[in-house]
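Please read the structure below before turning to the comments.
Chain naming here is simple, since letters A, B, ... match the order of the sequence lines and numbering starts at 1 in each.
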Protein chains: 6
Amino acid sequence: MSNSNKNALTEFNSYRAKMNEKILSSDNLVLKRLFNLDAQTYAEGALNVKTKEMLGLVASLVLRCDDCVKYHLEKCFEQGTSTAELFEVLAVANIVGGTIVIPHTRRAVEFWEVLNS
Amino acid sequence: MSNSNKNALTEFNSYRAKMNEKILSSDNLVLKRLFNLDAQTYAEGALNVKTKEMLGLVASLVLRCDDCVKYHLEKCFEQGTSTAELFEVLAVANIVGGTIVIPHTRRAVEFWEVLNS
Amino acid sequence: MSNSNKNALTEFNSYRAKMNEKILSSDNLVLKRLFNLDAQTYAEGALNVKTKEMLGLVASLVLRCDDCVKYHLEKCFEQGTSTAELFEVLAVANIVGGTIVIPHTRRAVEFWEVLNS
Amino acid sequence: MSNSNKNALTEFNSYRAKMNEKILSSDNLVLKRLFNLDAQTYAEGALNVKTKEMLGLVASLVLRCDDCVKYHLEKCFEQGTSTAELFEVLAVANIVGGTIVIPHTRRAVEFWEVLNS
Amino acid sequence: MSNSNKNALTEFNSYRAKMNEKILSSDNLVLKRLFNLDAQTYAEGALNVKTKEMLGLVASLVLRCDDCVKYHLEKCFEQGTSTAELFEVLAVANIVGGTIVIPHTRRAVEFWEVLNS
Amino acid sequence: MSNSNKNALTEFNSYRAKMNEKILSSDNLVLKRLFNLDAQTYAEGALNVKTKEMLGLVASLVLRCDDCVKYHLEKCFEQGTSTAELFEVLAVANIVGGTIVIPHTRRAVEFWEVLNS
């Protein structure tokens, strides 16, 4: 991975970590539990982690949340998703969600290249 | 399957078929091609059909389209998705999309019972 | 128009009229003014009424509001929109908004037939 | 409350209760915990229950989830929300979310009348 | 407030003011009236301004409009909303709207710190 | 057009072109065909290109996709849409989609000035 790509990735992850810590250090139990629950959702179960992360990715794409897309792209990458598989997830998202998903698809492909660089 | 369940399922599918035919018999090429493309999206590829149908299902759930949910539930059922797997797809949808997905989850569970009856 | 179609149309319009009256008879000025503004939005201006009603229709379709779709279909029909033109509006909506717009497209085509019957 | 109104209300609540029970009797921990968390969210805290229910209502309105709207309308009613207050919540929802919220507003006003009958 | 925070806030507000002026100086009556109506919506009524601004905030959060969120955060801050109250609004938004609201919650918490600095 | 405006426009278009090429050079047929179909959607038909581009614009605005808005603004500009006509499209979008469309309207007006500069 090039230095500039490494930086972009580090910055994304450290901002998320920093803000999550602030949210979790508040006294709001509902938010704390939701964050916990979020982590449990993608744990191995009847479906494996890779499938669940692809589910999280396609849901994030059709809801057009770039940060959520990046998060699940990282997880999909860690789970060994191939580029051909990734593009099929992107295809489902664009067909179900329409061409308004295209700009998010562009940014997803760009981030996928960073992860693979 | 009970007669009333069979009827509900038949009615859903025949309305869809009847209206699709009207749309496809129009002279609009874009709609015809989109319908074609929709079918291709879920064909076996790098990902198998079952995984793709679960992707279509979770996307339909977070976008809260009951008819799309029903359609993909039927396909997931045909692909041998287990009830435990289905509930994990529902869980991802509800966590990503929030409690506004709950009413659609209720109707999805009801329709899943029809398919399994 | 057949009697059953006429009834469906009358019922849709009279429910809307009855509930609008209740909302407008409340003392809430913001809602009253928004309802007024809604009517002004589609008045002849730099764009003609027919174009504006097609704009309202495509917006309602991608936001997947069946009642709004029906309302603008009626207006498009009154403005002399042809069936070929209608299908091009439907095509834009389905391409921009994706296949989740299909169920709404089915119901739109069904209602368009009622209007033309 | 008239018998037909009472029936509509009872049917809505019993369907919800029946399906919730099915969902909660599944072995899916994520869904169970989310349902639990949902209940905690609206408990008395820094904000009182009435304010929180109005927050839940306006969120449900702009996301256009009729069942969620009904649920929070019942809770708002139990918390003594006045009709003038309700209409101000509806006004915020319609201004923020636009005229696509109007059909949901009509159904909300109709349900509010049932609750007050 | 630090100079860099003050600058971020000033820049956000001056861009909004500059563009609003351009929109309002156009000859489009509908947009002018909608902007006016927007201001009236949050005026003291049956509900107080603070409650209405929290309603505007939660609606903006679930619809995931960062600029709208910032706007209502400023207003909530001016109305004396406490941090505990703010987090309860955030909790409702995240439960109703799901984890796709989390990235917006992070940015909301960051902006809240700017306002409180 | 000033140099800085020209640069902003060039950068937007070249990023889109670069990423589209990457997506189209993948082996994913569904995405390729969808991109093709997208182009066909706005071709002259029963409706002229200008009307179709306005339809694409209003759909993009209510779905709040800034990149899609910019794309259709460029096309509307090329088709000779007047500023008065543009503002009527913006008005429909803001009335149907609500005040959450306002931040996108600000950016649309800013980009429209770039195109007209």
For chain A and chain F, what donor-acceptor pairs lie under 3.5 Å, backbone included?
unit_1: A:Arg64; atom_1: NH1; unit_2: F:Leu63; atom_2: O; d: 3.2
unit_1: A:Arg64; atom_1: NH2; unit_2: F:Leu63; atom_2: O; d: 2.4
unit_1: A:Phe87; atom_1: O; unit_2: F:Asn28; atom_2: ND2; d: 3.2
unit_1: A:Arg106; atom_1: NE; unit_2: F:Asn20; atom_2: OD1; d: 2.7
unit_1: A:Arg106; atom_1: NH2; unit_2: F:Asn20; atom_2: OD1; d: 3.2
unit_1: A:Arg107; atom_1: NH1; unit_2: F:Asp67; atom_2: OD2; d: 3.2
unit_1: A:Glu110; atom_1: OE1; unit_2: F:Tyr15; atom_2: OH; d: 2.8
unit_1: A:Glu113; atom_1: OE1; unit_2: F:Lys22; atom_2: NZ; d: 2.6
unit_1: A:Glu113; atom_1: OE2; unit_2: F:Lys22; atom_2: NZ; d: 3.0

Structural part of F:Ile23 lying under 4.5 Å from a heavy atom of chain A: both
Pairs touching residues 7-57 of chain F that satisfy disulfide (SG to SG under 2.5 Å), sequence neighbours left out: none
To the nearest 0.5 Å, how far apart are SG in F:Cys65 and CD1 in A:Ile102? 9.0 Å
